[in-house]
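By convention here, the first residue in the shown sequence is residue 1.
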Amino acid sequence: MLTIEDNVLQSANITATELRNELAVYLYSKNKLSFGQARKIAGLDILQFQELLFNNNVALHYSASDLEDDYKSIQLFKK
């Protein structure tokens, strides 16, 4: 667990929530954390974290292969 003292946050002029969001976006953008891991750090639901990424000009890590896998999964559930 990481503890950052309030005076450090005050010196940086950032709230604990803003710091969590910044950290989550940064680590996700650098492929250090998955979407789920990063959104948990930020304490946001899926849509909120997607919006946070969008507002920070960070693209979702979603490849053509991911899309194909999702399509196959949907087809299995249809049956």
A.B. asks: Counting C-beta onward and ignoring hydrogens, is there a side-chain heavy-atom pair between Gln48 and Glu51 closer than 4.5 Å?
C.D. replies: no
A.B. asks: Given a cutoff of under 4.5 Å between side-chain heavy atoms of I, L, V, M, F, W and Y, with clusters grown through shared members, what are the other residues clustered with Ile74?
C.D. replies: none
A.B. asks: Could you state the interatomic distance from NZ (Lys40) to OG (Ser34), rounded to the nearest 0.5 Å?
C.D. replies: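 Rounded to the nearest 0.5 Å, the NZ-OG separation comes to 8.0 Å.
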A.B. asks: Output the distance between atom CD1 (Ile14) and atom CG (Leu19), rounded to the nearest 0.5 Å.
C.D. replies: 5.0 Å
A.B. asks: If you draw a 6.0 Å radius around CG in Asn13, do more than 12 non-hydrogen atoms from other residues or ligands fall strictly inside?
C.D. replies: no
A.B. asks: Should side-chain heavy atoms under 4.5 Å link Ile, Leu, Val, Met, Phe, Trp and Tyr, which residues sit in the same cluster as Tyr26?
C.D. replies: Leu23, Leu27, Leu33, Ile41
A.B. asks: Measure the CZ-OG1 distance between Arg20 and Thr17 for me, rounded to the nearest 0.5 Å.
C.D. replies: 4.0 Å
A.B. asks: Answer yes if Leu60 and Val58 sit in the same cluster of Ile, Leu, Val, Met, Phe, Trp and Tyr residues linked by side chain heavy atoms under 4.5 Å apart, and no otherwise.
C.D. replies: yes
A.B. asks: Looking only at atom types and distance, does a side-chain atom of Asn21 sit under 3.5 Å from a main-chain N or O of Glu18, one as donor and one as acceptor?
C.D. replies: no
A.B. asks: Surrounding CD of Gln75 (heavy atoms of other residues, nucleotides or ligands, distance under 6.0 Å), is the total greater than 12?
C.D. replies: yes
A.B. asks: For Asp45 and Leu47, indicate whether the former's side chain and the latter's backbone hold a donor-acceptor pair under 3.5 Å.
C.D. replies: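 Indeed, once roles are kept as given, a pair shorter than 3.5 Å links the two residues.
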A.B. asks: Salt bridge (charged side-chain N to carboxylate O under 4.0 Å, His left out) with Lys72: which residues, sequence neighbours excluded?
C.D. replies: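 Lys72 satisfies salt bridge (charged side-chain N to carboxylate O under 4.0 Å, His left out) with Glu68 only.
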A.B. asks: Under a single-linkage definition using a 4.5 Å side-chain heavy-atom cutoff for Ile, Leu, Val, Met, Phe, Trp and Tyr, are Tyr71 and Leu67 assigned to the same hydrophobic cluster?
C.D. replies: no
A.B. asks: Using distance alone, with no hydrogens and no angle criterion, decide if Ser63 and Asp66 have a side-chain donor and acceptor under 3.5 Å apart.
C.D. replies: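 Yes, a side-chain donor-acceptor pair sits under 3.5 Å.
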A.B. asks: Under 4.5 Å between side-chain heavy atoms, counting indirect links through other Ile/Leu/Val/Met/Phe/Trp/Tyr residues: same cluster for Val8 and Leu2 or not?
C.D. replies: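 Looking at the clustering, Leu2 is in the same group as Val8.
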A.B. asks: For the residue pair His61 and Tyr28, does the interplanar ring angle fall in the parallel (under 30°), tilted (30 to 60°) or perpendicular (over 60°) class?
C.D. replies: parallel
A.B. asks: Any donor and acceptor pair, going by atom type alone, linking the side chain of Arg39 with main-chain N or O of Leu44 inside 3.5 Å?
C.D. replies: yes
A.B. asks: Restricting to non-hydrogen atoms, name the atom on Ala24 and the atom on Ala38 that form the minimum distance, rounded to 0.1 Å.
C.D. replies: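 Smallest interatomic distance, heavy atoms only, reads CB-O, 3.2 Å.
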